[in-house]
Amino acid sequence: MQLSVKAALASASPHDAVLLSGWVRTRRDAKSFSFLELNDGSCLKGIQIVADAGIPGSDDLHKMTTGASIAVSGKLVPSQGSEQQWEVHASSLSLIGPADESYPLQKKGHSLEFLRSIAHLRPRSNLFGAVFRIRSRLTFAVHRFFQERGFVNVHTPLITASDCEGAGEMFRVTTLPQGANTPPEQDFFGRNAFLTVSGQLEAETFACALGKVYTFGPTFRAENSNTSRHAAEFWMIEPEVAFCDLAADMDLAEAHVKDMVRTVLSECREDIEFCNRFVDKELIARLTMVAETPFQRLTYEDAVAILKASSHPFEYPVEYGLNLQSEHERFLTEKHFKCPVTVYNYPKEIKPFYMRLNDDDRTVAAMDLLVPGIGELIGGSQREERLDVLLASMARHNVNPDDYWWYTDLRKYGSVPHAGYGMGFERLLMFVTGVGNIRDVIPFARTPGSAEF
RNA sequence: UCCGGCGUAGCUCAGCGGCAGAGCGGGUGGCUGUUAACCACUAGGUCGUAGGUUCGAACCCUACCGCCGGAGCCA
């Protein structure tokens with residue numbers, strides 16, 4: 001019977017004939033037999049293979065070094081060793097693909113920086129195996145969370161012609177030859193085109209038809225930002241809900257974060273425990289707190305008051321009308337409240353044109369959800385649904401309404417209050433694994449000056 | 001893009017003006033129901049690149065490249 005290592009380790013009873021295949025992590029030879037640790041990626045742990053000298057295939061044992069791929073058939077039996085419940089007594093071995101002495105992964109730990117330089121091999125390490133199994137499970141959980149609540153998934157375009165969505169520099173998409181000075185009318189789309197920085201505006205059109213929608217896909221930013229929390233290509237989750245105000249939007253965001261955290265705690269336990277042991281010793285305690293504690297919620301104005309009243313020495317000034325800096329956000333969530341915090345109602349001057357103007361005429365219905373260790377995990381808002389107010393806001397932000405005729409149309413035909421937010425999927429992964437660099441939670445990171453693999 | 005730090009063996013690092021080093025990993029041999037096994041031996045180097053200072057540079061200076069941390073922008 002062909003078994004994954006995960007299935008073999010979870011077996012309830014011995015088995016006379018099993019077949020496993022995977023990669024050798026380590027081998028220890030005795031005179032008359034060898035121990036092999038076999039890992040196939042199905043789970044964190046490997047299974048111990050006991051191979052007596054002389055069985056079919058044992059002539060190749062010396063080639064079954066760390067990194068080699070092999071197939072093993074034999075019996076699944078209780079282990080005599082104290083560190084595992086089951087092991088396989090091999091009846092035959094088969095070397096599938098050897099790995100010579102240049103194989104770069106050792107049995108012992110490597111730095112994350114080195115593993116980044118061998119991104120094609122790092123999923124074979126314990127940490128990256130765990131991170132990418134969690135990433136997969138969380139991808140599934142995102143869809144489950146929204147589908148269970150009646151949301152419709154929308155595939156918004158990756159190529160867009162809106163050239164100023166207010167979310168940073170964009171990559172241009174063109175088929176024109178390099179250096180050509182051809183007008184955009186002669187380009188592939190008959191105009192300038194770019195990789196999307198957000199599916200929000202398109203998602204709004206679908207929310208104003210299907211009610212509750214979400215997008216979950218890659219987005220692109222051509223910002224030259226060189227930090228551990230930014231990538232040029234990253235995945236974003238963007239729900240958009242019709243007949244929804246900011247309070248309900250914040251409720252959804254909080255439920256969403258809690259659901260993601262509970263998912264990894266219950267469905268990725270072994271991998272999360274590995275992260276807790278080797279990445280961040282506070283991880284499980286923090287995630288448990290997040291799953292169980294209500295999030296704090298306060299206005300931007302109250303947040304500024306708290307920051308001004310604190311004796312904490314901030315590098316940047318705190319003043320109403322200025323953006324909260326990273327150090328301010330982290331003080332609120334890590335030091336002051338010691339739990340996730342949602343800050344809402346920001347001054348209209350520091351937020352984009354599409355956010356709904358509040359009755360005070362000074363603030364917009366925006367919210368940022370801040371979490372310990374990461375800072376901003378979610379940014380969202382109630383959208384401006386009143387055509388005249390939206391047009392005034394566009395004018396204030398120097399946005400040409402003609403470029404957004406389809407967006408303003410939504411306000412002309414059956415306009416409704418609606419709201420949504422964006423959650424960076426990699427930021428979420430950093431938060432639930434404790435991994436400190438975005439390059440280590442995405443399979444092949446694209447950052448300024450770096451697109452190897 | 002700005003500020004700071006770091007580039008020495010496959011990996012992690014020490015050496016900081018006078019013979020190029022250690023641990024791990026690799027190879028060879030031994031030993032052992034072992035499990036980051038253990039013991040012995042052994043191979044392995046353009047000290048990031050280019051220039052400069054000096055009798056002499058891995059070490060001091062300059063520029064560039066790369067990486068890391070922080071900041072800005074944001075998710």
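We use all heavy atoms of the structure for the numbers below, so side chains are in, but hydrogens, waters and symmetry mates are not. Chain identifiers are assigned alphabetically (A, B, ...) following the order of the sequence lines, protein sequences preceding nucleic acid strands; residue numbering begins at 1 within each chain.
- Residue-to-nucleotide contacts include a donor-acceptor pair under 3.5 Å from the side chain of Q48(A) to the base of U34(B).
- If you measure from atom CD of E223(A) to atom P of A71(B), you get 16 Å, rounded to the nearest angstrom.
- Counting atom types as modelled, E37(A) pairs no side-chain N or O with a base atom of U34(B) as donor and acceptor under 3.5 Å.
- C2(B) and G70(B) make up a base pair, with Watson-Crick or G-U wobble contacts both under 3.5 Å.
- Contact check, R439(A) against C68(B): a side-chain N or O comes under 4.0 Å of OP1 or OP2.
- For the C1' atoms, the distance from U46(B) to C41(B) is 29 Å, rounded to whole Å.
- The same atom, P, is picked in C47(B) and in G4(B); the two are 28 Å apart, to the nearest Å.
- Of the side-chain N and O atoms in S228(A), one or more sit less than 4.0 angstrom from OP1 or OP2 of G70(B).
- As rounded to the nearest Å, C59(B) and A20(B) have P atoms that lie 13 Å from one another.
- Candidate nucleotides U34(B), G33(B), C74(B) were compared by shortest atom distance to the side chain of R28(A), and U34(B) ranks first.
- Nucleic acid contact class of L428(A) (heavy atoms, under 4.0 Å, all strands): none.
- Nucleic acid contact for S117(A): none, since no nucleic acid atom lies under 4.0 Å from a heavy atom of the residue.
- With A37(B), G33(B), A36(B) as the candidates, the nucleotide lying closest to the side chain of E83(A) is A36(B).
- When each of C74(B), A37(B), G33(B) is scored by its nearest atom to the side-chain atoms of E329(A), the top-ranked nucleotide is C74(B).
- Side-chain proximity of Q106(A) to the nucleotides C67(B), U1(B), G10(B) is greatest for G10(B).
- The P atoms of C19(B) and U35(B) are separated by 42 Å, rounded to the nearest whole Å.
- Residue-level contact check: I237(A) touches neither bases nor backbone, having no heavy atom under 4.0 Å from any strand.
- Of the charged side-chain nitrogens involved, at least one lies within less than 4.0 Å of a carboxylate oxygen, so that D368(A) and K351(A) count as a salt-bridged pair.
- Electrostatic pairing of E426(A) and R135(A) counts as a salt bridge here, judged by a charged N lying under 4.0 Å from a carboxylate O.
- Contacts of Y103(A) with the nucleic acid, taken as non-hydrogen atoms under 4.0 Å apart, are absent.
- Distance from the side chain of Q325(A) is smallest to C73(B) among G33(B), C73(B), C67(B).
- As rounded to the nearest Å, C6(B) and A14(B) have C1' atoms that lie 15 Å from one another.
- When heavy atoms are screened at a 4.0 angstrom cut-off, N226(A) is found touching base atoms of the nucleic acid.
- The side chain of F35(A) approaches U34(B) more closely than any other nucleotide in the set C74(B), C31(B), U34(B).
- R229(A) comes within 4.0 angstrom of a nucleotide base, judged by non-hydrogen atoms across all strands.
- With distances taken from any side-chain atom of Q84(A) to the nucleotides U35(B), G26(B), G33(B), the minimum falls on U35(B).
- The closest side-chain donor-acceptor pair between E204(A) and Y407(A) falls under 3.5 angstrom.
- Looking at heavy-atom distances under 4.0 Å, T227(A) makes contact with a base.
- Straight-line distance between the C1' atoms of G5(B) and A50(B): roughly 22 Å, to the nearest whole Å.
- Residue S225(A) has its side chain nearest to C73(B) when only U1(B), A37(B), C73(B) are considered.
- For H110(A) and C11(B), a side-chain-to-base donor-acceptor distance below 3.5 Å is absent, hydrogens and geometry of angles not being considered.
- Residue L112(A) contributes atom CG, which lies 13 Å from atom C1' of U12(B) at whole-angstrom precision.
- Between K6(A) and D40(A) there is no salt bridge, since no side-chain nitrogen of the basic residue lies less than 4.0 Å from a carboxylate oxygen of the acidic one.
- Atom-to-atom, CG of L121(A) to P of G25(B) comes out at 19 Å; the value is rounded to the nearest Å.
- We find that CD1 of I118(A) is positioned 17 Å from P of G25(B), with the value rounded to whole Å.
- Proximity note for S450(A) (side chain, C-beta onward) versus C67(B), C68(B), C74(B): the nearest is C67(B).
- Straight-line distance from the CE atom of M170(A) to the P atom of C74(B): 15 Å, rounded to whole Å.
- Between the CD atom of E101(A) and the P atom of C11(B) there is a distance of 15 Å, given to the nearest Å.
- At a cut-off of 3.5 angstrom, counting only N and O atoms as typed in the model, there is a donor on one side and an acceptor on the other between the side-chain of E87(A) and the base of G33(B).
- Rounded to whole Å, the C1' atom of A58(B) lies 11 Å from the corresponding atom of G45(B).
- Counting non-hydrogen atoms under 4.0 angstrom, F114(A) reaches the backbone sugars and phosphates but no base.
- The base of G72(B) has none of its N or O atoms less than 3.5 Å from a complementary donor or acceptor on the side chain of H328(A).
- Side chains of E37(A) and T26(A): no donor on one and acceptor on the other come within 3.5 Å.
- No side-chain donor from either of T215(A) and T156(A) sits under 3.5 Å from a side-chain acceptor of the other.
- Checking S111(A) against G422(A), the closest nucleotide of RNA chain B that is more toward the 5' end is the one next to S111(A).
- Here G27(B) is the nucleotide among G27(B), C73(B), C31(B) with the atom lying nearest to any side-chain atom of T65(A).
- Within the structure, a side-chain polar atom (N or O) of K31(A) is placed less than 4.0 Å from OP1 or OP2 of C31(B).
- For the residue pair H89(A) and E87(A), a side-chain donor N or O sits within less than 3.5 Å of a side-chain acceptor on the partner.
- Here, U12(B) and G70(B) have their C1' atoms 24 Å apart, quoted to the whole Å.
- Atom CZ in R133(A) sits 14.5 Å away from atom CD in E267(A) (nearest 0.5 Å).
- Checked by atom type, the side-chain pair Q325(A)/E329(A) shows no donor-acceptor distance below 3.5 Å.
- Contact annotation for R27(A): no contact, since no heavy-atom pair falls under 4.0 Å across all strands.
- At the heavy-atom level, H62(A) lies nowhere under 4.0 Å from the strands shown.
- Of the two residues contacting RNA chain B, namely E113(A) and S82(A), the nearest-nucleotide position lying further toward the 5' end is that of S82(A).
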